[in-house]
Structures are given as C-alpha cells and as structure tokens.
Amino acid sequence: MLESNLPTPCFLIDRNRLKENLTILDGIRKRVGCKLLFSQKAFSCYPFYSMIARYLDGTSAAGEYEAQLSHLYFHGENHVCAAAYRPEEIETLCGICDHIVFNSPTQLRRFGGQAQAAGCMVGLRVNPEIPLQQCSDYDPCAPFSRLGTTVAQFPKAERKMITGLHVHALYEQNADALEQLAEAVIQKFGPLLPELQWINLGGGHALTRPEYDVDRLERCCRNLQETYGLTVYLEPGEAIAWRAGYFITTVLDMVENRIPIAIVDASAVCHTPDVTELGYYPPLQNAGEPGEAAYTVRIAGRSCLPEDIFGDYSFDHPLQIGERLVFADMAINTITKAVMYTGMPLPSVAVREPDGSCQVLHSFSFSDYKNRM
Ligand SMILES: *Cc1c(COP(=O)(O)O)cnc(C)c1O
C-alpha cells in the first residue's frame with residue numbers, strides 16, 4: 001500500500017534506513033575487530049530481527065522477555081544483563097543465553113554456579129564510578145546508583161566464576177567518552193583483566209552518526225584486545241534504529257487559545273514518552289521551529305492529560321483538519337515504550353520497503369487494552 005493510505009496513528013519503520021545503519025555497524029565491527037550486540041530495549045521489533053542478525057553478532061537483553069525474543073527470532077549470541085534475576089527466570093535464561101551478567105556479588109553467588117553449570121559465560125557488571133553523562137538522573141555512575149559493582153565491593157571468593165566484565169555508562173556519546181570509560185575500567189579493574197576472556201563496554205555509542213570517531217574507537221578496542229587478550233563487545237541500541245522510523249498522525253481538530261493548537265489522533269504522553277518526559281523535540285516533516293515559517297502551531301495529543309503536547313512547530317500554511325503530520329526519528333523508544341493510559345489506542349506498526357511500498361505489520365484493538373487489566 002502507499003504510505004498515504006496507511007492508517008494513523010502509525011509507526012512506520014523504514015527498511016532502507018535501518019539497512020544503512022546496519023551497514024555502517026557491520027563495517028565498524030569488521031574494522032575494529034569487536035563484536036556488536038543489538039541492545040533490544042529501544043527497538044525490540046522482532047519482525048526486523050532476522051535482518052539485523054545479518055549485520056550484527058547477537059543481542060543484549062534487559063531481562064527474560066527480551067532474551068526470549070532474541071532466542072526465537074535473532075539466532076545469534078544471546079546476552080542478558082539485569083539488576084536482579086528471579087530464581088524462576090534463571091532457569092529459562094540458562095537454557096537460552098550465552099552470557100549472563102550479574103549486577104552484584106550476591107546475585108553472582110546465588111546464581112553464578114547454576115549459569116556456569118549450564119555452560120553460560122558468567123559476567124559481572126561493574127561500576128567505574130566516573131560520571132560520563134550530562135544528566136545524573138540517568139547516569140549509572142551517579143552516587144547511590146544500584147547498577148554495577150564498585151571496585152570496593154568486588155567479590156573475592158567468586159572471582160573464578162567471572163569470565164568477563166560488563167560496564168554501561170554512556171548515552172548517545174562519541175568515542176572520547178568511551179575512551180574515558182575504558183581508562184576508568186583499566187584503572188580500577190586492570191589487574192583482573194588478564195584473567196578474563198571478554199569485556200562488554202555497554203551501549204550509548206552514537207556509532208551510526210557521521211561525526212562518530214571510529215579511529216578512536218578502534219584504538220580503544222585494540223588496546224583492550226592486544227594488552228589484555230580480551231574479546232570486546234559493544235551493545236548499542238539506539239544507534240541501530242536511529243532515524244529509521246516515522247510517526248504518522250492525522251489532525252483531528254484545530255482549536256485556539258492565544259495560539260493555534262492542532263489536536264492529532266495520537267498522544268505524546270502515551271506514544272512518544274521521550275517527548276513529554278525527556279524533552280525530546282522530534283523533527284516534523286515540512287515544518288520548522290516556532291516562528292521559522294508563517295504559521296506557528298502547537299501540536300497536541302487527544303488524551304485528557306494537560307501535558308499531552310508534542311511541541312510547537314511552524315508551517316507555511318494554516319494546518320487543516322485531516323492533514324497528516326509525519327514526525328521523523330521516531331523508531332527509538334516509541335513502539336517499546338508506548339502505553340494505553342487513558343484507554344488510548346496503540347498506533348499500528350508498519351514498514352516501508354525499499355521500493356516505497358508500505359505494509360502494516362501489526363495493529364491493536366480494544367482487547368489489547370482489556371486484557372491487561
Ligand atoms: C540501554 C542499554 C544499552 C543500550 O544503550 P543505547 O543508548 O540504546 O545504545 C546497552 N546496555 C545496557 C546495559 C543498557 O541498559
């Protein structure tokens with residue numbers, strides 16, 4: 001079907017864009033000699049897993065469900081890393097995962113033997129205690145963080161069980177931050193490294209952006225590979241689907257209260273929570289920032305929530321009821337984060353194929369809402 005015939009609201013994944021990102025990532029892993037895992041939480045859209053698997057080495061899961069998706073649809077290395085596991089989960093994870101990363105010495109003590117007996121590589125997440133992010137609310141190295149074991153807490157008795165270290169402390173960052181991270185890990189955990197087989201440097205690497213410094217990444221990875229004999233893993237998530245999706249909505253009403261306000265058939269709170277919670281301002285096709293073009297309009301959701309606002313944009317014409325608005329860079333943290341609060345229907349999920357044709361992969365109904373209660 002044509003894009004203009006897709007039902008709205010609709011998340012549209014662009015297969016070509018995804019492929020462009022994956023081609024860059026494949027080139028990076030070949031050049032750098034590292035292994036790349038797809039961190040699923042930003043975009044666990046399994047209909048694309050077989051395609052992603054052609055370019056990457058495996059996946060990283062935040063828990064049992066993502067690990068199961070990977071096991072069923074990705075067929076690569078299956079890594080899992082969670083702040084804590086339930087005993088019932090460990091059994092399942094041992095059967096389907098290659099690497100199980102524990103967050104604390106207690107979890108390692110409790111489940112490490114079981115994971116090892118099942119043939120899994122046992123890892124420990126460490127906290128290098130250097131804040132590398134701008135916002136401490138989201139920084140796993142910030143004071144009081146529960147994520148990762150500090151050097152002071154590093155377990156002695158269970159050390160032999162550990163085959164590798166996991167560290168995740170970046171967000172949308174370049175290789176200079178990675179270098180600082182690697183240096184901190186070496187400084188704190190260096191004496192352990194020669195006994196280990198692998199190191200996982202987490203996600204938050206903006207690998208698919210043109211300004212990413214691959215030379216510096218390569219130097220950083222080669223140092224770990226050559227000095228310590230480690231297999232280096234990176235597990236980017238957002239980089240895989242960066243700019244690979246759109247969110248298509250239709251204007252349902254135009255109201256006015258000092259400014260013109262367009263009410264669309266979607267909800268920013270429910271469908272694009274990064275917009276309302278993190279202040280993300282997505283690009284909107286054929287529109288500019290407020291005041292750039294003649295008609296500035298606030299784009300708002302149709303829920304009862306006052307904060308349900310996508311943002312202010314300007315257009316070269318007055319917006320009309322029935323017009324479609326296409327937000328770009330909307331593949332990440334949208335489909336995986338969308339909720340049905342206020343009974344808001346979920347958007348459909350569609351794909352645009354390289355020939356331009358579009359197809360709805362999944363749509364939702366009242367029963368999806370009802371069945372959650
Ligand atoms: C979220 C997360 C990632 C992926 O981060 P991106 O910013 O999507 O690249 C990787 N590892 C862990 C442990 C994470 O929590």
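Only heavy atoms go into these numbers, but all of them, side chains included; no hydrogens, no water, no symmetry mates. Counting starts at 1 for both ligands and their atoms, following the listed order.
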Geometric N/O contact [X] with ligand 1, under 3.5 angstrom:
X: K41; result: yes
X: P236; result: no
X: E172; result: no
X: E235; result: yes
X: G237; result: yes

Worksheet entry | For atom 3 (C) of ligand 1, the protein heavy atom that lies nearest, with its residue and separation |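 Residue, atom and distance for the closest contact: S39 OG, 3.2 Å.
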Item to complete: If you have a sec, work out which protein heavy atom is nearest atom 8 (O) of ligand 1 and how many Å separate them, to one decimal?
Response: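 Its nearest protein heavy-atom neighbour is E238 N, 2.9 Å.
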Discussion item. Does the residue G204 have a heavy-atom contact with ligand 1, meaning some pair of atoms that are separated by less than 4.0 Å?
Written reply: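 Within the 4.0 Å threshold, so yes.
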Worksheet item: Considering residues at least two apart in sequence or located in another chain, which fulfil the side-chain hydrogen bond (donor to acceptor under 3.5 Å, both in side chains) criterion with R17?
Response: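 side-chain hydrogen bond (donor to acceptor under 3.5 Å, both in side chains) check on R17 returns nothing, list empty.
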Discussion item. Is the contact between H168 and ligand 1 made by the side chain, the backbone, both, or neither, using heavy atoms and a 4.0 Å cut-off?
Written reply: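 Near ligand 1, H168 shows its side chain, while the N, CA, C and O stay back.
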Practice prompt. For the pair Y233 and H99, name the ring-plane relationship: parallel under 30°, tilted 30 to 60°, perpendicular over 60°.
Written response: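 Rings of Y233 and H99: perpendicular, as their planes differ by over 60°.
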Worksheet item: Relative to each other, are the rings of F38 and Y49 parallel, tilted or perpendicular (30° and 60° limits)?
Response: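 Because their plane-to-plane angle is over 60°, the rings of F38 and Y49 count as perpendicular.
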Which residue, [options], forms the side chain to side chain contact (heavy atoms under 4.5 Å, CB included) with [X]?
X: T272; options: T276, V269, V275; result: V275
X: F43; options: T334, I13, I332, N333; result: I13
X: I240; options: L56, T208, N21, L207; result: L56

Worksheet entry | For I248, the rest of its hydrophobic cluster, which grows through side-chain links under 4.5 angstrom |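 Cluster partners of I248: M1, L6, L12, Y246, V326, V360.
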